[in-house]
Structures are given as structure tokens and as C-alpha cells.
There are 2 protein chains.
Amino acid sequence: MDINSYKSHRKVLAAVDCIIFGFDGNQLKALLIKRGFEPHKGRWSLMGGFIHDDEDADRAAVRVLNKLTGMDNIYMEQLHTFSQVDRDSAGRVISIAYFALINIADYSEQLQAEHEARWFELSQLPDLVFDHTAMVLKAQESLREKVARQPIGFELLPSKFTLPQLQSLYEAIYETSLDTRNFSKRILALGVLNKLDEKEKKNSRRGAFYYVFDSIKYKSLETNGVRFI
Amino acid sequence: MDINSYKSHRKVLAAVDCIIFGFDGNQLKALLIKRGFEPHKGRWSLMGGFIHDDEDADRAAVRVLNKLTGMDNIYMEQLHTFSQVDRDSAGRVISIAYFALINIADYSEQLQAEHEARWFELSQLPDLVFDHTAMVLKAQESLREKVARQPIGFELLPSKFTLPQLQSLYEAIYETSLDTRNFSKRILALGVLNKLDEKEKKNSRRGAFYYVFDSIKYKSLETNGVRFI
DNA sequence: TCAAAAGTGTTCTAGATACACCCATGT
DNA sequence: ACATGGGTGTATCTAGAACACTTTTGA
């Protein structure tokens, strides 16, 4: 704080916007809504909301996400604050952007309909209001950095998943292709996956074994940080 | 944005606070000021200020930093936004924190006196107002992550510097000690340093050669990212 | 029996680490 | 001559990259 009186400074509206990532087994996607009010009513937008008097930005982001998805305990982290003077055409609003990772299959069709929400491939985003496109791009960049060092990629998958699914998630995030042998070696060497007896049979005749986390080792990786890719 | 009218939401004050890192050749330090106004007048604090109507947070941070140091073109990046409801005892203020890297030798004694500013070792910070201690800790963490992948460590040094100085900078940032041979091998292998004929003779009888960046290769590292450590 | 995805091992290479002595110079 | 910090090379180890075939099973 510099100059004396707090009173001599104009206040601003403070909002949060959520970049919600999901993975459909194949593509990395972002959840967008049709904006329900002016300005730009009817255009595609990130889900967002103003910060209330009695909550900080983190709680506002959780509230906003919960409103759209009905979900709690979602992985979410603050991304960046966007504060261009004219970013919102309706007045001075600074927005604290968050990104969230959810298991796309858990997302209720009903809520989706209610909010006119839709999953978009990142390579095929529609025109977005304000600076929301920049937010999504920045979130994607940050996701790539994060997911290489913290075990958060799993947040995008169901609790049981197969190695081919996990590999395909990493391939989608990095827009690259990985060697199956090296991938499974490295991931299994981390010792955070437990193999189940059960197989997933939708994708192949042979079927692929399901895995789940060893949540104890998983936590220790979370605090220490590791190279996943 | 969620619920309709922008008008139904209370506005907040928006500020920036700067964590200013400097390196004295030995220790990594942060620049703090004696707060000149209430609340908490006279206590140690980060340099900060409110965001003006006609500027975004980045520009506010540059302005605030310039006011304290007289410097321009300083490396600075947004760190995190702090928005706890009661973080500022004088009212609702959200603060967008930035960290800056400066060459400590460039910082004018005169301005230091004017603002009652002082460099503090990170391990010996005084009590700080509000959540400023948390800001410094987060900045330190972020600096460590950043400096390993981007060639920003150099911002803390004079334009001519010696290998022992550079090594000692990395040792200070990571609070570790590095092998001299391996360090010089790796750094020189990056090909971003040019050796001068001149020697720095203050620290030893023999003297250590000065180096400067090869700014062209340096830029390409900046965009691509590399492992420095 | 065949199509389609799952699963698995070895070699090679490059980068990281460990490690110790001589050099230059001012006093 | 000696004390102090500067500068350099080699051997070893480890993690990552490259690479192709066999297995399973439903249709």
C-alpha cells in the first residue's frame, strides 16, 4: 500500500472464472457455458461469478464450480489474475482465474442442460467473451507444467482406470505420442498404482487391467514432487 | 460472472504488493519498507500500492517498484492473488502479489533512506504486516521453481559477473552447495556466457574472470526453457 | 482365423554425479 | 613462501530413449 488514505482509491468488482478441464478418454476438453446475462448474453464463456463479501477467492471459485457441476472436493488451483482496464465491457472488473480438473464422466447431464454447458476440445474453442480465450490458453500451459511434476493428472480420470487410458491422457495434455513400453515402465516404477484383477473390456477384446492409486504413496509424491513425464 | 446485475455486488479495493529479491554476492535478500501510514504505521511491510483506475495490475506493480527503486525494466512477474476476507485490518482489500529480481548494487542508498527501506536475509525476516510473510514465502518457492527452468537468475547479478558469483547465487536460492566443476561445466555448456578478458580482483588475489550473456542465445533459452539446475 | 488392442525386455546413449589437484597472485 | 580463492578433467552411474514382437479374445 502506498499513499495514505484507503478512501481516496476507487474500488473494483472482483470476480473468479473457472477453467474446467475434463478428459473423455481421448481428448482433453474444457467446459464452457452460454452466458445467461448481459453483456454478451448468449455467447460462450467460462463459468464465473463475483466474489462475495464473506468469502475469499478460493471459496468463491469452489462455490462457482459447485453451482455448475454439483461437485465438491475438486482439484482446483489459482491460475492468474486478469486485470486489464477494459477487459469487461460493462465496467472495471478484475478476475482471478482458477483451473479445475474433473472426471468428465461424473459430470451430470442434467446440470449440463440447465446451464447450457458444453465440453469443447481445446483445439476447437468457440469465440469466448472478454479475455476468456487467453485464460484457457494460460490454463493449458499451466496444466502442462503442473502435471509433469505433481500427481494431478489422475484427477481427470475415474478412480479405476487402465494404463492405456492414463497414457492417452498424457498424450492429450502434451499433444504428443508416447512409447507404450517406456510409459508403463516409468509410471509403474513410481509405485503409486495398484493393479486390480478386473479388466476393462469396452475398448478391446482382450481387455486392459484396471489400476487404482495407492493413496499413501500418492500423497507422498504430492508433497515431494516427481517427474511424471 | 454468475448472477445478473453487476450492481448488486460490493466492490473491493485492489492493491499490488512487490516481493523484491536481491543478491548481495552471498545472501539472497528481500527489500522491505517501514510502513508510512496507518494501520500498522512503522511496521515492516512489502512495498505496495493501490491499483489506479487507468492501469492494470502489471502496470501498477511497475509503478510501485519504480517509486521505491527508481528502476525501470525490472524482471517482474505475477505471483498470486491474496484475498482473505480479513487480510487487511482496515477493510476488504485484495492484493495481487508480484515478485521482482533486481541487482542489489543498483539500488540507490538515497532512495533506501527516503523510504526507510532495508534488505533482509530471507531467513531473518522481521514480523511483517498482514499476510506479507506468506507472500514472501510463496515468492521464494516460486523463484526456486522458475529459476531452474528460465534464465532469470542472471537478473539478480550485475551485467558482468564471475562464475563463483553465479554459483553462489544458485547456492543461495536453493540453500545448498554445488560442485564447482560440475556447475561450471553445465553453465558453460549452455553457451549463453561470454568470457571477458577482465578479472574481478576484490575477492581473491588471483582474480576471477568476468562473464556476460550472449543475449541472443539467452533469448532463445528464455522462450524454450532449459534446466539450469 | 483374424483383427485389434494389450502387454512386455533389452540395448544404447546422454546427462548427472562423484571426486582432487594445480594455478595465480598479493602480502 | 604461503595463504587464499580460481579453475579444470575423468570415470562411473543412472535415467531416458529407441525399438518389435507375442498374447488374448470376441466376432
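Numbers restart at 1 for each chain; the letters A, B, ... are given by sequence-line order, proteins then strands. Quick note: numbers below take in every heavy atom, side chains included, and nothing from hydrogens, waters or symmetry partners. Since the structure is predicted, the reported quantities are computational estimates derived from the model, not experimental observations.
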Nearest whole angstrom, please: distance from the [atom2] of [N] to the [atom1] of [X].
X	N	atom1	atom2	answer
A:Y170	D:dG16	OH	P	14 Å
A:D179	C:dC12	CG	P	17 Å
A:L163	C:dT8	CG	C1'	12 Å
B:L178	C:dC19	CG	C1'	15 Å
A:L188	C:dT8	CG	P	8 Å
B:K185	C:dA16	NZ	P	10 Å
B:I187	D:dT8	CD1	C1'	16 Å
A:Q167	C:dA5	CD	P	14 Å

Presence of B:R186 side-chain N/O under 4.0 Å of C:dT17 phosphate oxygens OP1/OP2: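 Yes.
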Relative to the ring of [Y], is the ring of [X] parallel (under 30°), tilted (30 to 60°) or perpendicular (over 60°)?
X	Y	answer
B:Y107	B:W119	perpendicular
A:F130	A:H132	perpendicular
B:W44	B:F120	perpendicular

Over 12 non-hydrogen atoms of neighbours within 6.0 angstrom of CZ in B:R59: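 Counting neighbours around CZ of B:R59, 12 or fewer heavy atoms of other residues, nucleotides or ligands fall under 6.0 Å, so no.
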4.5 Å side-chain heavy-atom contact, A:I94 and B:I94: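 Of all side-chain heavy-atom pairs linking B:I94 with A:I94, at least one is under 4.5 Å.
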Contact list for DNA chain C against residues 194-213 of chain B - heavy-atom distance below 4.0 Å: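 When residues 194-213 of chain B is checked for heavy atoms under 4.0 Å from DNA chain C, the hits, listed by number, are B:K201, B:R205, B:R206.
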A:F23/A:Y170 aromatic ring centres below 6.0 Å: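 No - the distance between ring centres of A:F23 and A:Y170 does not fall below the 6.0 Å cut-off.
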Among C:dG9, C:dG7, D:dG6, the nucleotide that comes nearest once only the side chain of A:R181 is considered: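 My answer, after comparing the listed nucleotides, is C:dG9.
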